[in-house]
Amino acid sequence: MATHPKETDPAIRVKALESLLTEKGLIDPKALDALVDTFEHKVGPRNGAKVVAKAWVDPAYRQRLLSDGTAAIKELGYSGLQGEDMVVLENTDEVHNVVVCTLCSCYPWPTLGLPPVWYKSAPYRARVVADPRGVLAEFGVSVPETTEVRVWDTTAELRYLVLPKRPEGTDGLSESQLADLVTRDSMIGVGVVAAP
Amino acid sequence: MNGIHDLGGMHGLGPIDREENEPVFHEPWEGRAFGLFAATVVFAGYSVDELRHEIEKMGHAEYLQHSYYEHWLVAFEEVLNKRGFVTHEERLARIAELEKGVH
Amino acid sequence: MLLTPEIVPGLVAAGASARIAAHVAPRFRAGDRVRIRNLNPATHTRLPRYLRGKIGIVEVDYGVFVFPDTHAHGLGEKPQHCYSVRFTGRELWGPAAPERDTLRADLFDDYMDPA
């Protein structure tokens, strides 16, 4: 049998590791349950959406967010694993930011949760650095030629969150109504936030 | 290393497939694999850098053909064997038992 | 240490930063022009191939971090500065790249020389 029997159902391979580690007293399966529950139910892009909405309505918060992303995000209670050192990138009429990790799958977990499969996939990682406008067009985002497309390749341990542009015609909306408009893709930079 | 993981600028990898309303984990085993990361780091003391390098050493065809959490699985299997926590032999024996329905 | 469910929330909320409180002098400052080294180690590196040999401008010094190239192999943390470095699309991909477009990557002292 090969060292990594890839013809074997991965569920069985995981169960083999988990059962052996449990019998040896090295892991507690209930801790795995807690981790799964945390990332399925407590951490996800709704966290990032609240950060974005607050930045849209509170200019002082926006300033703090852009100058020290980690601290400003922590003000809302989001911190930790894969968000230890955060940088927030503001999309404007001059610059459209888009984030990738060409070498693996680095992603800001506390604000966006775990990454979607396409973000971790070879085609996205290969293409968005060399042809960002082509990739953005596939996501339905058209950036004017007069706007700089700025790709961020997450090659070290900084993690990036895009602060998308606030859509026109949303002056009357509350912070929580605004948060409902913010999509995960807009905070990666492959989407824009649409007016309701 | 100049491995298949270093993808920036490559052509010919096909379309970017997106999924509407994608679940956090597609199968329960993906969640268990995810949980094993934090659970094994705290007792085995390896770094995320070491884990990444184990993934980078995968065969190129295998890397492209297998999913993200299968990459993690290969890395756990290697690191835990290297540190002596779960040897390849005992793990493969357990897999054989599980496939026969012993556990 | 055994990870128990009681520890999980604290672990997730605290994380483990790769930033180090070590006093290491930076080799570069914001605004410096740098050439990325043509390194091809068979070991772990966070320097992508498409940046090797290219010219960029240091934008931000993010401070001192663990160096993954040594850390992955148990060869120590080798603390050093990590910078956001700006490249033009044309420097990386040639004259067909749109004139305004740029790329930023996070690169360590050991990946760069003054240009």
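Below, chains carry the letters A, B, ... as their sequence lines are ordered, and counting in each starts from 1.
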Please check if the side chain of [X] supplies one atom and the backbone of [Y] the other of a donor-acceptor pair under 3.5 Å.
X         : Y         : result
Trp93(C)  : Asp131(A) : no
Asp101(C) : Val149(A) : yes
Arg104(C) : Trp152(A) : no

Worksheet item: Quick one: CG on Leu26(A) to CE on Met1(C), what's the gap to the nearest 0.5 Å?
Response: 12.5 Å

Practice prompt. Look up atom CG in Asp153(A) and atom CG in Asp106(C), then write down how far apart they are to the nearest 0.5 Å.
Written response: 8.0 Å

Fill in: side chain to side chain contact (heavy atoms under 4.5 Å, CB included) partners for Thr147(A), two or more places apart
His96(A), Val143(A), Pro144(A)

Which atom names give the shortest non-hydrogen contact between [X] and [Y], and what distance separates them?
X        : Y        : result
Gly15(C) : Glu84(A) : CA-OE2, 3.4 Å
Leu2(C)  : Asp28(A) : CD1-N, 3.7 Å
Val12(C) : Leu35(A) : CG2-CD2, 4.0 Å

Contact origin within [X] toward chain C - heavy atom pairs under 4.5 Å:
X         : value
Val87(A)  : side chain
Tyr78(A)  : neither
Thr102(A) : side chain
Glu145(A) : backbone

Greater than 12 external heavy atoms within 6.0 Å of [X]'s [atom1]:
X        : atom1 : result
Lys24(A) : NZ    : yes
His23(C) : NE2   : no
Lys74(A) : NZ    : no

Worksheet item: Highest number of heavy-atom pairs under 4.5 Å with chain A: which of Ala13(C), Cys82(C), Ala18(C), Ala105(C)?
Response: Ala13(C)

Fill in: Closest-packed option against chain A by number of heavy-atom pairs under 4.5 Å, given Pro98(C), Gly10(C), Ala16(C), Pro9(C)
Ala16(C)

Worksheet item: Considering only heavy atoms from C-beta outward, does the side chain of Asp85(A) approach that of Tyr62(C) to under 4.5 Å?
Response: no

Worksheet item: Mind checking whether Ile27(A) and Leu3(C) have side chains closer than 4.5 Å, heavy atoms only?
Response: no

Report the option among [options] that has the most heavy-atom pairs separated by less than 4.5 Å from atoms of chain C.
options                                  : answer
Gly83(A), Ala31(A), Cys104(A)            : Ala31(A)
Thr155(A), Val98(A), Leu81(A), Thr146(A) : Thr155(A)
Arg133(A), Lys42(A), Gln82(A)            : Arg133(A)

With a 4.5 angstrom heavy-atom cut-off, is it the side chain or the backbone of [X] that approaches chain A, or both, or neither?
X        : answer
Tyr50(C) : side chain
Pro48(C) : both
Val8(C)  : side chain
Leu92(C) : neither

Item to complete: Dump the intermediate steps for side-chain contact (heavy atoms from CB on, under 4.5 Å) on Arg46(C) and Leu103(A), then the final yes or no.
Response: CA-CA 7 Å; Arg46(C) 296 293 290 180; Leu103(A) 297 173; 3.6 Å; yes

Discussion item. Side chain to side chain donor-acceptor pair (under 3.5 Å), that's the test. Do Thr102(C) and Glu148(A) meet it? Break it down for me.
Written reply: CA-CA 7 Å; Thr102(C) 65; Glu148(A) 172 191 340; 2.5 Å; yes

